[in-house]
Amino acid sequence: MVGTESVASLLMDLDWWQHRSTERDDFFASLRQENPRAFVPVGSRGFWALTRHEDVLEVSRRPDDFCSGEGTQIFDQPAKLREYRGSFIDMDNPEHARLRKIVSRGFTNKALSSIREDIEDTVSEILDGMPPGGGDFVSDFAALVPLRIIDNLLGIPREHEAFILEATNVLLGAVDPEYVPDQSSEGLAAAMTDASQRLIAILNDLAEERIADPKDDLITRLVAANDAENLTPQEMAKFFILLVGAGNETTRNAISHGLHLLTKHPDQRDLWLSDYDRYAPTAIEEILRYASPVVHMRRTVTRDGVKLGDQEFSKGDKVVLWYGSANRDDSAFVNPSSFDITRDPNPHLAFGAPGPHFCLGAHLARLEMNVAFRMLFERFPDIRTVGEPDVLRANFLNGIKHLRVEYTAR
């Protein structure tokens with residue numbers, strides 16, 4: 001049996017997350033087998049680590065029993081920081097449903113299909129700017145693709161791009177000293193609050209501008225539509241923080257992990273490139289499953305006596321959904337440790353599980369990845385990663401900070 005002390009020491013050890021990926025897979029396999037709902041005694045109350053696919057699915061489908069409104073991070077954030085960063089990801093119904101309904105009108109399949117050409121233009125522009133011969137794939141390509149697409153979609157001037165990227169690194173990678181050198185609690189809070197405040201200021205100003213002078217962009221459609229309920233400028237600003245976090249960080253990491261996986265598995269790369277369009281749908285899903293860019297999310301038990309299988313919880317208990325573990329569960333996947341771009345079915349939970357908090361940007365992320373890999377391989381058919389990725393020091397995102405690549409132009 002995997003003991004509670006060893007579970008706590010590893011799950012909360014950020015250095016372990018940064019350097020021991022193979023060991024992590026073995027550890028979670030042991031948890032799923034021996035202690036799939038392990039109690040982790042850290043913080044004021046501790047939390048239950050849910051590692052099986054079926055448990056993550058079940059909890060996600062029961063928001064009345066396992067809520068998001070008490071926070072989605074393992075540890076409770078200071079009230080001031082939650083005020084800056086809070087969006088509908090940390091809400092329950094009815095407020096969650098109201099905001100999601102407003103925001104979803106910009107992310108339907110119909111709405112996104114109309115911007116494919118814009119996405120292709122954006123990716124082409126980024127490819128034009130890549131240095132000859134090779135470089136850092138993350139900063140040169142993977143980080144820019146989703147960020148620039150989101151900025152263009154919203155109508156955010158290019159002058160803000162560098163700061164938005166910097167602020168996103170701080171907000172999602174704060175526990176990595178590369179992004180926040182002062183790792184004291186005061187230093188982390190100050191850096192995250194400053195990044196949030198500055199992002200909110202940019203979006204508040206843009207939202208107010210669109211209300212006074214509407215344009216053909218997503219900000220206008222969300223804050224100034226004439227025939228529907230709108231977001232307030234403050235709600236728009238908080239949603240933007242979520243969007244650049246969920247939409248930028250997760251997609252950029254999926255793209256980075258994807259290229260490294262294809263380099264390590266040249267047979268899978270060759271198969272995909274033999275008929276790109278045929279294999280693209282399943283290849284993208286397999287990259288998402290294997291990489292699992294979001295490592296976990298938390299839910300909070302809403303009442304005493306809530307059960308999950310034979311496990312009974314008390315009101316206020318925290319349960320943490322470990323998506324990466326669920327995506328390697330051999331009860332849900334055949335040979336889950338193998339990277340197979342033809343895998344079908346592939347019920348991965350990289351966008352969260354079906355339920356009210358399933359990722360609103362899933363369609364956009366898939367479209368971005370499809371266009372990005374197709375155009376990348378067309379421009380640099382021999383592109384490959386060199387060495388191992390420089391991994392983010394974090395247990396919330398499976399992030400890649402830097403990834404060396406080499407290529408020659410066609």
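Positions are given from 1, in the same order as the sequence printed here. What you are looking at is a predicted structure, and each value in this text was computed from that prediction instead of being measured.
Taking 4.0 Å as the cut-off between side-chain N and carboxylate O, Asp340 and Arg289 do not count as a salt-bridged pair. Ion pairing of Glu235 with Arg98 is present here, as a side-chain N (NZ or NE/NH1/NH2) and a carboxylate O approach within less than 4.0 Å. Ionic pairing of Arg384 and Asp382 is not present here: no N-O contact between side-chain nitrogen and carboxylate oxygen is shorter than 4.0 angstrom. Between Asp390 and Arg404 there is no salt bridge, since no side-chain nitrogen of the basic residue lies less than 4.0 Å from a carboxylate oxygen of the acidic one. The existence of a salt bridge linking Glu70 and Arg298 is excluded, since no basic side-chain nitrogen approaches an acidic carboxylate oxygen closer than 4.0 Å. For Arg148 and Glu161, the salt-bridge test passes: some basic side-chain N is under 4.0 Å from an acidic carboxylate O.
Using cut-offs of 30° and 60° on the angle between ring planes, the pair His53 and Phe333 is perpendicular. Classification of the His357-His96 ring pair by plane angle, with boundaries at 30° and 60°, yields tilted. Taking the six-membered ring where the residue is Trp, Phe351 and His348 present tilted rings, their angle falling between 30° and 60°. Between Trp48 and Phe313, the ring planes are perpendicular. Angles over 60° get that label, and only those under 30° would be called parallel.
Annotation for Val295 and Asn398: closest pair CG2-N, 3.5 Å, computed over non-hydrogen atoms. Between Asn253 and Gly399 the shortest heavy-atom distance is OD1-CA, 3.4 Å. Counting all heavy atoms, side chain and backbone alike, Leu321 lies closest to Ser60 at CD1-OG, 3.8 Å. Between Val138 and Ser256, the closest heavy-atom pair is CG2-OG, 3.6 Å. A pairwise comparison of heavy atoms in Val56 and Ala326 identifies CG2-CB, 4.0 Å as the closest pair. Shown here for Asp216 and Arg221, the closest heavy-atom pair between the two residues is OD1-NH1, 3.8 Å.
Val170 places none of its side-chain heavy atoms less than 4.5 Å from the side chain of Arg198. At least one side-chain heavy atom of Leu172 sits under 4.5 Å from a side-chain heavy atom of Phe396. Using a 4.5 Å heavy-atom threshold, the side chains of Leu11 and His296 count as separate. A 4.5 Å side-chain heavy-atom check between Leu171 and Ser196 finds at least one atom pair inside the cut-off. Under the 4.5 Å side-chain criterion, counting only non-hydrogen atoms from C-beta, Arg269 is in contact with Phe377. Put simply, the side chain of Val371 does not reach to within 4.5 Å of the side chain of Val145, judged on heavy atoms. Between Arg379 and Asp128, some side-chain heavy-atom pair lies under the 4.5 Å cut-off. For the pair Phe163/Leu199, a side-chain contact is recorded, criterion being any heavy-atom separation below 4.5 Å from C-beta on.
Considering OG of Ser338 and CD of Glu286, their distance stands at 6.5 Å, rounded to 0.5 Å. Atoms OH and CG, from Tyr279 and Leu271 in turn, are 4.0 Å apart once rounded to the nearest 0.5 Å. To the nearest 0.5 angstrom, Ile119 atom CD1 is 4.5 Å from Ile149 atom CD1. The CE atom of Met12 sits 9.5 Å away from the CH2 atom of Trp17 when rounded to the nearest 0.5 Å. Interatomic distance, NE2 of His260 versus OH of Tyr290, reported as 10.5 Å (0.5 Å rounding). The line from CD1 of Ile164 to CD1 of Ile241 is 10.5 Å long, rounded to the nearest 0.5 Å.
Screening Arg32, Arg62, Arg37 for a salt bridge (charged side-chain N to carboxylate O under 4.0 Å, His left out) with Asp55, the sole residue that qualifies is Arg37. With Cys67 as the fixed residue, the side chain to side chain contact (heavy atoms under 4.5 Å, CB included) test singles out one of Val301, Thr300, Thr72: Thr300.
Distance alone, capped at 3.5 Å, is enough to place a donor-acceptor pair between the Asp140 side chain and the Asp136 backbone. Side chain of Thr193 to main chain of Ala190: no donor-acceptor pair is present (N/O by atom type, distance under 3.5 Å, no hydrogens or angles). Listed for the Tyr276 side chain is a donor-acceptor partner under 3.5 Å among the backbone atoms of Arg374. In terms of modelled atom types and a separation under 3.5 Å, the side chain of Gln268 and the main chain of Leu262 share no donor-acceptor contact. Using a distance-only test at 3.5 Å, with no hydrogens or angles considered, a donor-acceptor pair links the side chain of Asn230 to the main chain of Ala225. Under a 3.5 Å cut-off, the side chain of Arg393 and the backbone N or O of Val175 do form a donor-acceptor pair. No donor-acceptor pair under 3.5 Å is formed between the side chain of Glu125 and the backbone N or O of Glu120.
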Could you give me the CA-CA distance, side-chain angles and deciding distance for Met236 and Leu154, then say whether side chain to side chain contact (heavy atoms under 4.5 Å, CB included) is met? CA-CA 11 Å; Met236 180 67 231; Leu154 290 166; 3.8 Å; yes
Tell me, with the steps shown, if Leu218 and Phe107 meet side chain to side chain contact (heavy atoms under 4.5 Å, CB included). CA-CA 10 Å; Leu218 183 56; Phe107 292 88; 3.9 Å; yes
Assess whether side chain to side chain contact (heavy atoms under 4.5 Å, CB included) is satisfied between Ile89 and Ser68, documenting all intermediate values. CA-CA 7 Å; Ile89 194 173; Ser68 300; over 6 Å; no
Test Gln234 against Asn204 for side chain to side chain contact (heavy atoms under 4.5 Å, CB included), laying out the working first. CA-CA 6 Å; Gln234 294 76 22; Asn204 263 328; 4.2 Å; yes
Stepwise, does the salt bridge (charged side-chain N to carboxylate O under 4.0 Å, His left out) test hold for Lys318 with Asp76? CA-CA 10 Å; Lys318 298 176 182 179; Asp76 296 325; 3.7 Å; yes
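Inspection of the Asn152 and Thr122 side chains reveals an N or O donor paired with an N or O acceptor under 3.5 Å. A donor-acceptor pair shorter than 3.5 Å can be found between the side chains of Asn327 and Ser292. At a cut-off of 3.5 Å, with distance as the only test, a side-chain donor of Asp217 or Thr220 sits close to an acceptor on the other residue.
Around the CD atom of Glu159, the shell of radius 6.0 Å holds more than 12 heavy atoms that belong to other residues, nucleotides or ligands. Within 6.0 Å of CZ in Arg116 there are more than 12 heavy atoms belonging to other residues, nucleotides or ligands.
Under the 6.0 Å distance and 45° angle rule, Arg328 does not count as a cation-pi partner of Tyr323.
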